[in-house]
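Data first, discussion second: the structure below is written as C-alpha cells.
The figures that follow rest on heavy atoms only: side chains count, while hydrogens, waters and symmetry mates do not. Below, chains carry the letters A, B, ... as their sequence lines are ordered, and counting in each starts from 1.
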There are 2 protein chains.
Amino acid sequence: MVPLQHPIQVVSHLTGLSPHVIRVWEKRYGAVTPARTDTNRRLYSDAEVERLRLLARATEVGHKIGIIAKLEMADLRRLVATVSMGVHGLDAVSHAAPEAGTPLKETKMGGSVVKPWMPPEPEGAAVGPLPGSAEQSDARLVVEALEATRSFRSDALQRVLEQGSVRMGHNGVLHRLICPLAQEIGELWQRGEVTAAHEHFASAVIRDFLMRSARPYATEDGAPRAIVTTPAGQLHELGAVMVAAAAANLGWRPIYLGPSLPPAEIAGAALQNSARAVLLSIVYPADDRWLPRDLIQLRKLLPPSVEIVVGGRSARAYADVLKEIGAISPDGLEELSDLLEEMREESGAEEGQSGSVAGGNGA
Amino acid sequence: MVPLQHPIQVVSHLTGLSPHVIRVWEKRYGAVTPARTDTNRRLYSDAEVERLRLLARATEVGHKIGIIAKLEMADLRRLVATVSMGVHGLDAVSHAAPEAGTPLKETKMGGSVVKPWMPPEPEGAAVGPLPGSAEQSDARLVVEALEATRSFRSDALQRVLEQGSVRMGHNGVLHRLICPLAQEIGELWQRGEVTAAHEHFASAVIRDFLMRSARPYATEDGAPRAIVTTPAGQLHELGAVMVAAAAANLGWRPIYLGPSLPPAEIAGAALQNSARAVLLSIVYPADDRWLPRDLIQLRKLLPPSVEIVVGGRSARAYADVLKEIGAISPDGLEELSDLLEEMREESGAEEGQSGSVAGGNGA
DNA sequence: TTGAAATTGTCTAGTGTTTGTCTAATTTGA
DNA sequence: TCAAATTAGACAAACACTAGACAATTTCAA
C-alpha cells in the first residue's frame, strides 16, 4: 500500500499556499523534501502536507519562514499553539482557515496521529477494559471530566460530577473526583496544554456544582463561620471553592468571597461576620514577593481568636511567613477536613459570639 | 526540543504592543534583551513575551513603563494581579504604586455622575406611572438584598433572591431585582462605600442563584450556543452571569467562562463549541486602551457567522470599535433579551456551521 | 495655577534583509 | 497541442534595524 501522495496542485489547495511558494520554501529553506515521480514531479506525503500547513499557519502570524522552516514537527506544533492562543494554548482557532476539523482531539491526518491530549498517561484504553476497582472507576470519571472540560461541555461535566456525587457521596466526590481533577487541570494549564478559558470554565461548573450540593448543610444556624477566599494576586479560585464546600460539609458556614482580595478586605469581612477562621487557598504564583506582607498584615488586622488556615499547592512555598503568623497549613484536603472538624467541635463550647439570632433558615 | 523563539511581529501580535513600542522599551528602559539572529533580527523567548505582556498590562492601568521596566517577574505578576483585581486605591497603593491616587478611574470627577448600570431606563414611564405597589415591593426587596450584601449574609441574600423568584418568576427576578441590585452595588463600589469583598460576595451568591435557577432550560439539545464572558481586564462578572441567565431563559445554551479572557481564548472556545454568538459584558474600566484592540482581534478570529454582542454599563464607551467590528450592542437587559429571542428563532433554520469535515484528503 | 522638565508613544529616514511573485526556458502529461 | 511542472534567476514590496525628532502628557516645584 503506497502511502497516499499528493501532487503540488492538491497540496496548494490544501494548504492555501501557491505552488510557487511551496517550491520556493523547499528550495530556499528545505522546508519539505517531497518524493518525486519518475518524471520529476513532486509528490507530497500527508505528513508533509501537515507540515506545510503548520508552516503556513505560523507565517500567517508573523513567524519568519526562513527561521522556522527547519524546526521539527513537535516544535512547530508548539509554536503554532502558543501563537494562535495566548501564551498558553493548544490548537484551535482556525479563523480564516477552511480546515476546521476536530480542534481538540487528535487532528487525525492521514496516518499521523497528532498529539493525543493526555501526554504521558499510558491510558491506552482508558475506558475501563480492565475490571474496575473503585479506584479505577474514580480515575475513569476524572478522565471523563477532563474530556468534558477540554471540549467545554458543561452538561457533560455536570453529569460526571453528579455521577460521582451519587457514587461517592458529597464528600467523596470532593476528595476523589474534584480534587484530582483540579490538580490535573492545574498542571495542564501550567504546561500550556489547556487554556485559561478551560480553567475558567471548569471552575465555573465545579463551583456551581459544589455550591449547590453543599448548600443543605450550610443552613445550620449555630455553625461557626469561615471566610473563604484567596489572597490578592491569587486568581485561581477552584481551591477556595473546594475548601468552602469541604467546610460546608463539615458543619461550618463558609462565606465565600471569590478570589484575590487584599488583606484589609478579608479582615473586614471576617470581622463583620464574627468569623472563626479565614481559609485561604494559594496556588499560583508561588513566588509572589508581596504575599508574605499581605499575610502579615492580615494577621495584624484580625483578632487573635481568628485562625488563619492556608492550603493549596503553593502554600508550602510561603512556609516561613505562615509559621511566623501562626497560620495553620494542612497538607491536602484530608488534613484540612480533619482540622476543620476539630476546630468546629472545640469552638462549639466557647462560642458566644453573635450569630445565633440572625434570621430563620432559608425556606 | 528547541527553545522556541519569536520574531518581533509575533510578539507584537501576542502582546498587543506595536513593534515600535517594543523596540523603544528595549532601547530606553532595557525592559527585555532579546537574542538576535545572525542578521541582527530580534528573537524573543517565551519568558520575554510574558514579561512584555505583563508590562503591557501594567502600563495599561497607569503604571510608568520607565519605573516598572526593570522589575522582576514576580513583582510584575503581583503588580498586574493586584491592580487588576483589587483596584481601588486602598491596598494596591501601598504596594509598589507610588501614586496615591486611583490611577484608573477619574470618572467621578466634578459633577459628572457615574453612568447608571444599564442605560437610563425611564423607569416610571415604562412600567407604570402609578405608584404601583408591585414596584414598591420590588424596591423593598432590592434594599433587603443590599443590606444582606453589606453584612455578608449569604443566606439572607439567597432568601431575598428566592422570594423574588417566587414573586416575579425567573425572568422577573433577573430584570427587576438582580439587575437593579447589581447596578446599585456597582455604584456603591465606585463610590467606595462597599468594598471589593462585598462585590465579590454578592457576585458569588447571585451567580450561584442564577446558575441554579436557570439550569433547567439549558438542557435542550438543539439550542444555539453562546459563549458568555468578559474581555480581558474586565473583572466584574456579574453582568456576564446575568446575561448567561437571560440567555438560558430564552432557550439558548450559554457557555459561561467567567470573567477576563483574552480574545484568542474566547475565540477558541467559540470555535470549539460552534457557538452562534459571543456575549460580552463590559462594566468597569470604561477607558481601557486595549479593549478596542482585543475586540478587533476577536472579530478577526471568529468566523463572520458568529455574532458579537456587547452589553454592560460601559459598552457605550467603546461605541466606535463596536461599530467597527459590527458588534451588536443592545441597550439594557430588555433589549438584549429581545435580541437573543430573535437570533435564536432565525438561527433555528440555518443551523450547523462547524466545519465537520476534517482533513481534505482521502482519510 | 503656571511653566519648565521629564516621560513616553509615535513618526521619519536611511539601510539592509527577507520573502512572495514573476519571467524564461524546458519538460511532462492528457 | 495546450495546460501544467520543473529549474534558475531576477525583482520589488514588505519588513526590521538604527538613530533621532516630535508632540502630547505628566510631574513637580515655584
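Using a 4.0 Å heavy-atom cutoff across all strands shown, A:Thr37 reaches no nucleic acid atom at all.
Between B:His20 and B:Tyr29, the one whose closest nucleotide on DNA chain C sits nearer the 5' end is B:Tyr29. Nearest-nucleotide positions on DNA chain C for A:Val24 and B:Thr39 put B:Thr39 closer to the 5' end.
Rounded to whole angstrom, the span from the OH atom of B:Tyr44 across to the C1' atom of D:dA16 amounts to 10 Å. In this structure, NE2 of B:His63 is placed 12 Å from P of D:dT27, rounded to the nearest angstrom. Note: CD1 (A:Ile65) to P (C:dT21) measures 13 Å, nearest angstrom. For the pair A:Trp25 CH2 and C:dG20 P, the computed distance is 6 Å after rounding to whole Å. Rounding to whole angstrom units, CG of residue B:Asn40 and C1' of C:dT18 are separated by 14 Å. The nearest whole Å value for the distance from the CD atom in A:Glu60 to the P atom in D:dC15 is 14 Å. Computed from coordinates, the A:Ile67 CD1 to C:dT19 P distance equals 7 Å when rounded to whole Å. The interatomic distance linking A:Asp38 (CG) with C:dT27 (C1') rounds to 14 Å, in whole Å.
Looking at the side chain of A:Arg23, the nearest of the listed nucleotides D:dT6, C:dG9, D:dA4 is D:dT6. The B:Val21 side chain lies nearest to C:dG9 when the options are D:dT27, D:dC17, C:dG9. Among the nucleotides D:dT27, D:dA8, D:dC17, the one closest to the side chain of A:Lys27 is D:dA8. Taking the side chain of A:Arg28 as heavy atoms from C-beta on, and the options C:dG20, D:dA16, D:dA5, the nearest nucleotide is C:dG20. In the set C:dT8, D:dA16, D:dA5, D:dA16 carries the atom at the smallest distance from any side-chain atom of B:Arg41.
A pairwise comparison of heavy atoms in B:Arg51 and B:Ala69 identifies NH2-O, 2.7 Å as the closest pair. For the pair B:Ala275 and B:Ile227, the tightest heavy-atom approach, listed with the atom from each and the gap, is CB-CG1, 3.8 Å. Smallest separation of non-hydrogen atoms from A:Ser260 and B:His200: O-CE1, 4.0 Å.
Counting only N and O atoms by type, the side chains of B:Thr195 and B:His198 include a donor and acceptor under 3.5 Å apart.
A sub-4.0 Å separation between OP1 or OP2 of D:dA4 and a side-chain N or O of A:Gln9 is absent. Using a 4.0 Å cut-off, some side-chain N or O of B:Lys64 falls inside it from OP1 or OP2 of D:dT27. Phosphate proximity of C:dT21 to A:Ser18: present, with a side-chain N or O under 4.0 Å from OP1 or OP2.
Note: B:Trp189 and B:His236 have perpendicular aromatic rings, judged against thresholds of 30 and 60 degrees for the angle between ring planes.
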